[in-house]
Structure formats: C-alpha cells, structure tokens
Enquirer: 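Following this message is one structure expressed as structure tokens.
Every chain is numbered from 1, with letters handed out A, B, ... down the list of sequences.
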Amino acid sequence: MDKTYNHKEVEEKIYQQWEERGTFKPEINPDGKPFTIILPPPNANGDLHFGHAMFVVEDILVRYHRMLGDSTLWLPGTDHAGTETQFVFEKKLQEQGKSRFDFSREELYEKVKEYVDKNRGGIQNQLRKLGFSLDWSREKYTLDADIVKIVIETFRRMYDDGLIYRDYRLVNYCTRDGTSFSDLETISQEKEGNLYYIKYPVKEGGFITVATTRPETLYGDVAVMVHPKDVRYKHLIGKTVLLPLTQREIPIIADESVEKDFGTGAVKVTPSHDFTDFEVGRKHNLSFPPIIGWNGKFEKTGIVDGLYAKQAREKTVELLKEKGLLEKEEIHKMVIKVCYKCKTILEPLPLEQWYVRVQSLKEKAIEVVKNGEIKITPNSFVKPYIDWLEGLRDWNISRQNVWGIRIPVWYELEHETDFAVSFLDQKGNYHQGLLNELLGQGFSFDEIALGLQRVIARIEAKVVLEEEKDPKKKYLPETDTFDTWFSSGQWPFAVLMANSDCKNADGFFEKFYPTSVMETAYDILRAWVSRMVMLGIYRTGKIPFRQVLFHGLVNDPYGKKMSKSKGNVVNPLELIEQYGADAVRFALVYGNATGADQSLSYTKLEAARKFTNKLWNMARFIEMKRLELKITFFTDHSVGNLKKVNTNEFDQKWIKKVEDLTIEISKYIDSYQFNLASEKLYDFVWHEFADKYIEETKTNPDGLIVLESLFVIILKLLHPFMPFVTEEIYQKIPGHDGMLITAIWPDFRE
RNA sequence: GGAUUUGUAGCUCAGCUGGUUAGAGCGUUCGAUUCACAUUCGAAAGGUCAGAGGUUCGAAUCCUCUCAAGUCCACCA
C-alpha cells in the first residue's frame with residue numbers, strides 16, 4: 001500500500017466496478033424488502049452545486065439499507081425546469097440581439113431543446129463523482145414520452161373529476177418574461193413609494209378624496225368604495241363620481257373590505273388591475289375594463305396609451321396637478337411583488353388560465369401528515385406545511401412558456417371573435433390581434449396556425465381534449481404549458497410507473513411505491529413536497545412517501561448564501577478534486593444537525609481528508625504486521641466467526657466496544673442523525689481504535705488477529721459515509737470475497 | 001404584521017426525549033516522535049451554555065418574557 005491515500009487513483013476505478021457489477025440495482029438483493037428513494041431531479045442543463053452534494057444523505061441511507069439486505073432502489077432523473085430554463089435561454093437569445101418574439105412556438109421549443117440536449121448529461125457525471133449509488137439504468141427525464149403521457153393522463157382524470165377548470169381572473173404577470181406565475185413564484189419586496197391623495201369630484205357637488213399608490217390605473221376605475229359604517233361618507237353612498245381626467249361617471253359603493261383608518265377611508269376600485277378590487281368587482285357585479293396590455297403598456301385610456309406604468313404614473317400625476325385634483329402626496333412604505341427570476345414588478349392582469357381545485361386534494365395532504373402516515377424530519381417543518389396548505393387557494397397551472405408540457409386541450413373554432421392570437425407570418429413578421437380581424441386582413445387560418453405564438457381563448461370558447469377532436473372541424477391549440485411543479489409533483493409515481501412499463505418489470509411499481517424517504521432541501525417544502533403529496537394521493541390513492549427528510553442549505557464560509565451575482569459560488573467538483581469525494585461527503589454531514597444550514601468550512605474539509613488518510617494508514621499498519629509477523633489472521637471476518645473462536649479478555653473488551661458502536665451507529669442512521677453517527681465514528685476510529693487499540697497491539701501482537709476483523713467491521717460502518725476509501729481498503733484485506741458495497745451490515749445478534 | 005429558527009470555548013459548530021468534572025474540528029501553549037500516518041502522539045489553557053424569571057431534588061436541555069441575528073409567509077389601496 002502507498003504511504004498516503006490517493007483519492008484520484010481510487011474513486012473512478014471503484015465507481016466503475018460498482019456500476020459494472022450492477023450493485024446499484026435493487027436486483028442485487030432480490031429477496032429483500034423494498035427501500036426506495038427517488039432523487040429530486042436536478043435541472044437537466046444545470047451544474048452540480050451544494051444543493052446536489054447534500055444528497056449525500058440519500059446515499060448514506062441507500063448504502064446502509066443495501067447492506068442491511070434490502071432491495072434498495074435509488075432512482076435518478078432530471079427536470080426540464082420550464083421557466084428556469086426558458087429564462088436562461090432567453091438571456092442567450094438576448095445576447096444575440098433576439099427575443100422569443102422572433103420565433104414561432106415550434107421553433108422556439110426546438111431551439112431550447114437543442115440547447116438543453118447539448119448540456120444534458122453533465123449533471124449525471126457530476127453525481128457519479130460524489131459516489132452516489134444511483135440506479136442509472138432506470139433514469140428518467142421529465143420530458144420523456146412515457147412521463148409526459150402519465151402527466152397528461154393525470155390532467156385528463158382531474159379534468160373528468162371536475163378538479164380542473166378555466167377561469168378569467170387576475171394573475172401575477174411578468175411583462176418581461178411574458179408569463180403568469182403562481183403566488184409561490186413571486187417575491188415580496190418592501191419599497192418606499194408615494195401615497196397619492198386624489199380628489200374625485202362628486203356629481204352632486206363637492207369632492208371625495210381617495211388615497212392610492214397607483215394613480216395611473218384610475219382610467220380603469222369603476223367605482224369609489226367606502227366602509228358602510230363610515231360616518232364621514234355614509235351620505236355619499238349611492239351617489240355618482242366624475243372620474244378625474246375622463247369625466248366618466250362611476251358610483252360610490254360600500255364594502256366592508258375597506259379599512260377606515262387607512263388613507264382617507266375611501267378607495268378607488270380598479271377590478272382589472274388589483275387583486276382586492278377584483279374580488280370587490282365580482283361581488284358587486286362591476287365591469288372589468290383592462291387598461292394594461294400583456295406587454296405592460298397602457299391601452300384604451302385615451303390619455304396615457306403606449307406608456308409603461310412608471311411613465312403613465314408620472315403623466316397622470318402631472319395632469320392631476322394641473323387640474324388641482326391632487327390634494328397631497330406622502331411617502332409610503334409598501335410591499336410590491338416582483339418576478340422571482342428577473343425581479344420585474346409584477347402586474348396584476350386579468351387573464352384566462354387553467355386552475356386546479358385544491359380543496360379536496362389539500363385536505364387529504366394535511367390529514368396524512370397529521371395522522372403520522374407521512375413523517376417530516378425535522379419536526380419543525382410540519383407546521384409550515386400544514387399552515388401553507390390550509391391557506392392554499394386554487395392553483396394556477398398555466399404558464400405562458402413554450403418550454404414545457406403543453407396543456408393538452410384544444411379550442412373549437414365556433415366563434416372567431418373568441419380568440420386573440422399572436423403569430424409570425426411566412427416572412428417572419430409578427431402580428432397580433434383578434435382572429436377574425438386577422439383573417440379579414442387576408443391571413444389564412446393555416447398560416448396563422450403554422451406561425452402561432454400564443455392563443456388566448458375567451459372563457460366561453462369550447463374546450464375539447466385530444467381524443468374528442470372532430471376531423472371535420474377546426475381547432476386552435478392551447479398554447480400554455482404546465483407549471484413545472486405540476487409535472488414534477490407527479491415525479492415519484494410517474495418514474496416508477498414509467499419503469500413498470502418495461503419488460504420484466506411486473507410488480508415493479510407495487511413493490512417500490514410508496515417510496516420510503518423523500519429527501520430534499522427544505523426550501524421546496526411548499527412548491528414541491530406538498531404538491532407531490534396532493535398529486536400522489538390523487539393519482540395512486542396512496543401517499544408518495546412515508547418519510548420526508550430535509551437538509552439545510554450550504555452557505556459560503558462567511559455564512560452568506562452562495563449566488564452567482566455575489567460571485568461567492570464554490571464548485572463542489574473542485575473540492576472533490578482537492579480533498580476527495582469521501583472527505584467532501586464526510587464534511588457535509590459531520591457537525592451539522594439534520595436540516596440545519598451550514599457554512600462551507602475548509603478546516604472541516606481538511607480534517608475529513610486527514611481522516612481518510614488516517615484510515616488508510618491504519619489499514620497499512622495492519623497489512624504490514626500481517627506480512628511481517630507471518631501469523632495466521634482470520635479468513636472470515638464475520639461477527640459469527642468472531643464469536644465462535646476463543647478470545648481472551650483483551651479481545652473481548654474490544655469486541656464489546658465495536659458491538660456497542662455498531663448498535664449506536666445503526667440507531668443514529670435509523671433516526672437520521674447523521675452528524676452524530678459521523679462524529680461518533682470519527683472519534684472512535686481515531687481516538688479509540690487507532691490511539692489505544694492499535695497502540696496496545698504493538699506490545700501485544702496476538703491482539704492483531706481480532707483487531708483486523710474488528711477493523712473490517714468498522715469499514716462497514718463507515719462505508720455509507722466514505723464509500724471509496726473503505727471499499728478500496730476492504731478489497732485489499734484478504735479473507736473475503738465480493739465488494740464492501742454489498743457486504744452485510746454487522747449484526748451482533750447472530 | 002404573522003410564523004419560525006438560531007444565539008454554547010478565539011473561530012465554525014455538535015449536544016437540548018432534563019441527571020456525574022459541558023464536547024469536536026481549527027486556532028493557541030508545552031512536550032515527545034519521525035517507529036502505519038505530506039505527520040502523528042501525549043498534555044494544557046480557554047465557556048456565568050444571549051439576558052431575566054419560573055417548573056424541578058436537579059436545566060445548556062422544559063415553560064414565560066426580553067434582547068440580537070437570520071429565514072419564510074402576508075391582497076391595508
């Protein structure tokens with residue numbers, strides 16, 4: 001053996017051996033009870049980061065259960081990550097001076113696909129570098145045909161069950177990315193703005209002053225609203241107001257949603273561009289005149305058309321000042337919602353979108369956690385899970401991206417006035433407008449369909465599913481795609497179902513579903529975990545996993561979140577190169593409580609690297625003694641053999657210590673306390689086994705015989721944490737066949 | 001505004017289903033060795049466990065409050 005452990009020579013060789021001999025497949029233990037983990041699918045064209053490195057927790061569990069003899073499946077996959085990927089791609093387009101508006105739907109999809117396909121595969125090799133024992137033969141991708149088929153089937157069933165509906169309501173719309181977002185995909189930012197006090201003339205005489213942060217939307221006002229019990233305004237309820245700048249007549253109405261103490265206690269109602277006002281509008285049967293287009297520009301105001309919100313505000317305020325209708329403005333702290341990707345201020349816009357009725361789904365998802373069918377570790381995440389689900393409103397699953405799974409519906413062309421479309425003509429010029437107008441301008445239906453970018457069908461349009469299409473009729477496709485989480489929320493059952501369709505896979509799904517553990521970062525508790533529970537129960541009637549296990553985030557050495565913009569991102573691959581995969585793995589679990597955030601620690605990495613070297617040299621010492629003393633060591637390192645042979649008191653003492661250690665480590669892994677397991681192993685191996693036991697055998701060479709066998713047991717206990725170095729050492733010790741990865745976990749009850 | 005997490009040696013963090021002198025890594029000091037160890041071994045210094053109160057025979061560990069830092073959530077225009 002070399003004097004020091006050289007991870008660079010070992011890791012690739014060992015990984016290849018494992019993979020070639022099929023040790024990552026559950027079939028290696030065909031008769032064991034099932035143990036399943038589905039890897040949270042990384043972005044297909046992403047790179048390895050510490051979020052992925054933390055999946056080491058899963059590898060520890062998987063290797064442990066494999067050694068326990070379980071039929072262990074750890075199934076990898078990647079995610080197309082709709083919005084994320086399209087965002088990255090559009091940035092590239094921008095660099096080339098282009099935008100998504102230069103391409104038809106099909107063209108854009110093909111371009112993104114090309115880009116993703118070129119970059120795919122990177123992450124898989126990086127996960128290999130970490131030593132992850134994933135069953136690569138069963139890998140899936142969210143856009144694989146069989147997965148898409150399953151996702152669409154789920155949609156179809158939900159549609160038939162009345163859980164899917166279309167509605168015209170306000171959405172969080174990013175005018176830059178050109179798509180709506182669910183509440184989860186928005187970021188609230190505190191901002192200092194102005195609160196404007198605007199005098200609205202009352203037709204019957206006098207004024208009523210309203211306070212607003214968005215004076216520019218007054219062109220869309222349909223009412224002024226006060227609290228019904230507000231004595232200041234009671235006499236005005238039912239009277240008429242002349243909208244400033246336009247003289248349009250709107251009523252003064254009463255609603256309890258008004259806070260009497262805010263501003264003047266009187267509010268302008270703009271149903272098309274404010275979430276509260278939208279509700280009020282529906283309740284009071286008001287009209288919904290939209291005055292902001294999808295591009296963020298104002299329209300149909302007659303005064304600020306073509307301007308963006310900020311410019312429209314400036315101009316409106318100026319005009320109000322001129323007319324003496326601006327009473328005052330004051331500084332006001334407010335919270336605005338911005339796009340989680342590009343940080344553009346989101347515009348509430350009224351749009352036809354697809355929704356999932358969540359009531360029945362969320363009730364079951366809450367129940368299975370409350371009754372303990374699904375356990376969540378650490379426990380402190382149970383409350384946020386339940387709280388969020390209880391407050392959950394219907395889920396907007398429409399995204400105006402092309403990169404994703406198209407919502408599988410078609411609109412029957414009964415009334416051409418029902419459709420607003422945008423498309424590229426055959427020369428590549430962009431057009432948008434109502435379908436009947438465009439047809440009137442001489443464009444053919446086929447030309448529009450061919451260059452189609454987007455269809456917005458009115459809520460009255462007739463919807464059909466693929467199989468309901470009548471060949472004699474004309475249809476326009478829905479151009480929206482699913483929210484990425486709608487498909488990844490089906491991931492656990494979808495990947496297992498898809499793998500069941502292969503030959504010789506009878507009973508595969510039934511065997512491995514529900515899965516054992518879902519291990520992921522806690523920051524996607526809401527977006528992903530809760531959706532998996534809801535959709536999993538809906539589609540299969542069973543929970544998707546029995547245990548949710550969260551790991552924390554890895555921050556930079558100063559405790560700051562790693563981000564590209566801050567430039568403090570550390571690439572795990574470089575650390576693997578420098579310290580070895582085992583050391584990186586060990587450093588990530590050592591001294592870090594389950595689920596807690598941690599800061600990257602170079603001293604910890606260095607300590608872990610020294611530990612791998614220590615282990616190596618312990619093995620080296622034992623080997624040298626074996627050769628030097630020419631005494632017969634055991635050829636059977638099993639616990640059973642140790643118990644059969646006559647050993648003296650000294651040996652007995654150390655057998656007992658290792659037995660206690662084994663019990664303790666098993667207990668820690670079973671309870672997901674990987675930090676305690678690794679700390680205990682580190683301490684025992686170094687300061688007991690090496691410092692005391694090995695030292696004592698220097699004056700008592702007979703003790704070496706049992707020591708070697710106990711060392712093998714310790715390699716087994718360490719293997720889930722440091723798979724490479726332990727495997728390499730194990731194979732150098734004579735007296736056993738096979739590989740450590742498939743060795744049997746020590747059991748002193750034998 | 002709500003919820004939640006954290007506050008333990010110089011630094012980074014474990015421990016917290018209450019129980020003998022509170023632990024690790026790194027750093028610091030002293031000594032040994034280069035005999036398996038791009039080193040290692042032995043020893044030492046260093047903590048009112050954020051603060052205050054409470055429960056208890058006994059609390060870093062449970063409860064309440066205060067202070068500080070962080071995270072998440074939130075339709076007062």
Enquirer: Which of the following nucleotides, B:rC13, B:rU39, B:rC41, is nearest to the side chain of A:E606?
Expert: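 The listed nucleotide nearest to A:E606's side chain is B:rU39.
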Enquirer: Could you work out the separation of B:rC76 and B:rU17 based on their P atoms and round it to a whole Å?
Expert: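 It comes out at 38 Å once rounded to the nearest Å.
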Enquirer: Considering only NZ, NE, NH1 and NH2 on the basic side and carboxylate oxygens on the acidic side, decide whether A:K732 and A:E623 come within less than 4.0 Å.
Expert: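 Judged by the 4.0 Å cut-off on N to carboxylate O distance, A:K732 and A:E623 do not form a salt bridge.
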Enquirer: Quote, to the nearest angstrom, the P distance that separates B:rC67 from B:rG27.
Expert: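 My reading of the P atoms in B:rC67 and B:rG27 gives 39 Å.
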Enquirer: For nucleotides 71-77 of chain B, give me one character per nucleotide, 5' to 3': B if any protein heavy atom sits under 4.0 Å from the base, S if the only such contacts are to the sugar-phosphate, - if neither.
Expert: -S--BBB
Enquirer: In whole angstrom, what separates A:K614's NZ from B:rC37's P?
Expert: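 These atoms are roughly 10 Å apart.
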Enquirer: A:Y385 has an atom OH; how far is it from atom C1' of B:rA3, in whole Å?
Expert: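 These atoms are roughly 18 Å apart.
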Enquirer: Between A:E330 and A:K328 (salt bridge meaning N to carboxylate O under 4.0 Å), is one present in this structure?
Expert: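 Answer for the salt bridge query: yes.
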Enquirer: Please state the C1' separation for the pair B:rU56 and B:rU61 - nearest whole angstrom.
Expert: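 These two C1' atoms come out 13 Å apart once rounded.
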Enquirer: Does B:rA38 have OP1 or OP2 under 4.0 Å away from a side-chain N or O of A:N613?
Expert: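 For A:N613, the contact criterion (side-chain N or O under 4.0 Å from OP1 or OP2 of B:rA38) is met.
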Enquirer: Under the rule for salt bridge (Lys or Arg N to Asp or Glu O under 4.0 Å), what residues qualify as partners of A:E390, not counting sequence neighbours?
Expert: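 Applying salt bridge (Lys or Arg N to Asp or Glu O under 4.0 Å) to A:E390 gives A:K370.
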Enquirer: C1' atom, B:rG47 versus B:rA22: distance in rounded Å?
Expert: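 The answer is 8 Å between these two C1' atoms.
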Enquirer: Please list, chain by chain and in numerical order, all residues satisfying salt bridge (Lys or Arg N to Asp or Glu O under 4.0 Å) with A:E664, sequence neighbours excluded.
Expert: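 Testing A:E664 for salt bridge (Lys or Arg N to Asp or Glu O under 4.0 Å), a comparison that skips the adjacent residues, returns A:K680.
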Enquirer: Who passes salt bridge (Lys or Arg N to Asp or Glu O under 4.0 Å) against A:E519, sequence neighbours left out?
Expert: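 For A:E519 there are no salt bridge (Lys or Arg N to Asp or Glu O under 4.0 Å) partners, ignoring immediate neighbours.
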Enquirer: Sort by first number and list every stem of RNA chain B: at least 3 consecutive Watson-Crick or G-U wobble pairs, both distances under 3.5 Å.
Expert: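 Expected stems, ordered by start: B:1-7 with B:67-73, B:10-13 with B:23-26, B:28-32 with B:40-44, B:50-54 with B:62-66.
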Enquirer: Give a yes or no on whether the ring-centroid distance for A:F262 and A:H332 is below 6.0 angstrom.
Expert: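 Here the rings of A:H332 and A:F262 have centres that are less than 6.0 Å from each other.
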Enquirer: Looking only at side-chain N and O atoms, does A:N675 come under 4.0 Å of OP1 or OP2 in B:rG15?
Expert: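 Checking B:rG15 against A:N675, a side-chain N or O does come within under 4.0 Å of OP1 or OP2.
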Enquirer: Taking the P atom of each, how far is B:rC49 from B:rG70, in whole Å?
Expert: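 Their P atoms lie roughly 25 Å apart.
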Enquirer: Which whole-number value in Å describes the distance from A:F611 CZ to B:rU40 P?
Expert: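 After rounding, the reported distance stands at 13 Å.
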Enquirer: What is the distance, rounded to the nearest whole Å, between atom CG of A:N617 and atom C1' of B:rA36?
Expert: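 Going from A:N617 (CG) to B:rA36 (C1'), I get 5 Å.
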Enquirer: Name the residue closer to the 5' end of RNA chain B, choosing between A:S599 and A:P384 according to the nucleotide with the nearest heavy atom.
Expert: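 Nearest nucleotide further toward 5': that of A:P384.
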Enquirer: Which residues pass the side chain to side chain donor-acceptor pair (under 3.5 Å) test with A:D597, sequence neighbours left out?
Expert: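 Expected list: A:Y522.
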Enquirer: Give me the distance, rounded to whole Å, that separates B:rA60 from B:rC75 when you measure between the C1' atoms they each carry.
Expert: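 So the two C1' atoms sit 43 Å from each other.
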Enquirer: Under the salt bridge (Lys or Arg N to Asp or Glu O under 4.0 Å) definition, can you give me all pairs with a residue in residues 601-618 of chain A, not counting sequence neighbours?
Expert: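 Every salt bridge (Lys or Arg N to Asp or Glu O under 4.0 Å) pair that includes a residue of residues 601-618 of chain A, provided the two are not neighbours, is A:E606-A:R609.
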Enquirer: Considering only NZ, NE, NH1 and NH2 on the basic side and carboxylate oxygens on the acidic side, decide whether A:E279 and A:K283 come within less than 4.0 Å.
Expert: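 No salt bridge links A:E279 with A:K283.
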Enquirer: Regarding A:E695, tell me which of base, sugar-phosphate or nothing describes its non-hydrogen contacts under 4.0 Å with the strands shown.
Expert: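 Base: the residue A:E695, judged by heavy atoms under 4.0 Å, touches a nucleobase.
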Enquirer: Tell me, which pairs form a salt bridge (Lys or Arg N to Asp or Glu O under 4.0 Å) where one or both residues lie in residues 551-562 of chain A, sequence neighbours left out?
Expert: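 Pairs touching residues 551-562 of chain A that pass the test: none.
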Enquirer: With sequence neighbours left out, what residues match A:R282 under salt bridge (Lys or Arg N to Asp or Glu O under 4.0 Å)?
Expert: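 If we apply the salt bridge (Lys or Arg N to Asp or Glu O under 4.0 Å) test to A:R282, skipping adjacent residues, the hits are A:D167.
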Enquirer: Go nucleotide by nucleotide along RNA chain B from the 5' end; which of A:D691 and A:E679 gets its closest nucleotide reached first?
Expert: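 Its nearest nucleotide lies further toward 5', so the answer is A:E679.
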Enquirer: Using a 90° cut-off around 0 for syn, call B:rA44 syn or anti.
Expert: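 With its glycosidic angle more than 90° from zero, B:rA44 counts as anti.
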Enquirer: In B/S/- notation, 5' to 3', how is nucleotides 18-29 of chain B contacted by protein heavy atoms closer than 4.0 Å?
Expert: ------SSS---
Enquirer: Can you tell me the distance, in whole Å, between the NZ atom of A:K3 and the C1' atom of B:rU39?
Expert: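 Taking atom C1' of B:rU39 as the reference, NZ of A:K3 is at 8 Å.
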Enquirer: What residue pairs, at least two apart or across chains, pass side-chain hydrogen bond (donor to acceptor under 3.5 Å, both in side chains) with a residue in residues 216-226 of chain A?
Expert: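 Applying side-chain hydrogen bond (donor to acceptor under 3.5 Å, both in side chains) to every pair that reaches into residues 216-226 of chain A, excluding sequence neighbours, yields A:Y200-A:D221, A:R214-A:E216, A:E216-A:R313, A:T217-A:K268, A:Y219-A:T316, A:D221-A:K268, A:D221-A:T270.
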Enquirer: Can you measure A:L615 atom CG to B:rU39 atom P for me and round it to whole angstrom units?
Expert: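 After rounding, the gap between these two atoms is 16 Å.
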Enquirer: Tell me the interatomic distance from A:M624, atom CE, to B:rC37, atom C1', rounded to whole angstroms.
Expert: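 Atom CE in A:M624 sits about 11 Å away from atom C1' in B:rC37.
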Enquirer: Could you state the atom-to-atom distance from CH2 of A:W686 to C1' of B:rG42 in whole Å?
Expert: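 One finds 15 Å between C1' of B:rG42 and CH2 of A:W686, rounded.
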Enquirer: What's A:R609 touching, base or sugar-phosphate or nothing? Going by heavy atoms closer than 4.0 Å.
Expert: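 Sugar-phosphate: the residue A:R609, judged by heavy atoms under 4.0 Å, touches backbone atoms but no base.
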Enquirer: Could you pull out all residues at least two apart from A:K383 that satisfy side chain to side chain donor-acceptor pair (under 3.5 Å)?
Expert: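 A:D387.
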Enquirer: Base, sugar-phosphate alone, or nothing: which one does A:L676 contact when heavy atoms must sit under 4.0 Å apart?
Expert: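 It contacts sugar-phosphate atoms only.
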Enquirer: Are A:E695 and A:K692 within salt-bridge range, i.e. N to O under 4.0 Å?
Expert: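 Answer for the salt bridge query: no.
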Enquirer: If we take the C1' atom in both B:rG46 and B:rC41, what is their distance in whole Å?
Expert: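 22 Å, rounded to whole Å.
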Enquirer: For the C1' atoms, the ones on B:rU66 and on B:rU28, what distance do you get once it is rounded to whole angstrom?
Expert: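 Going atom to atom, C1' in each nucleotide, I get 36 Å.
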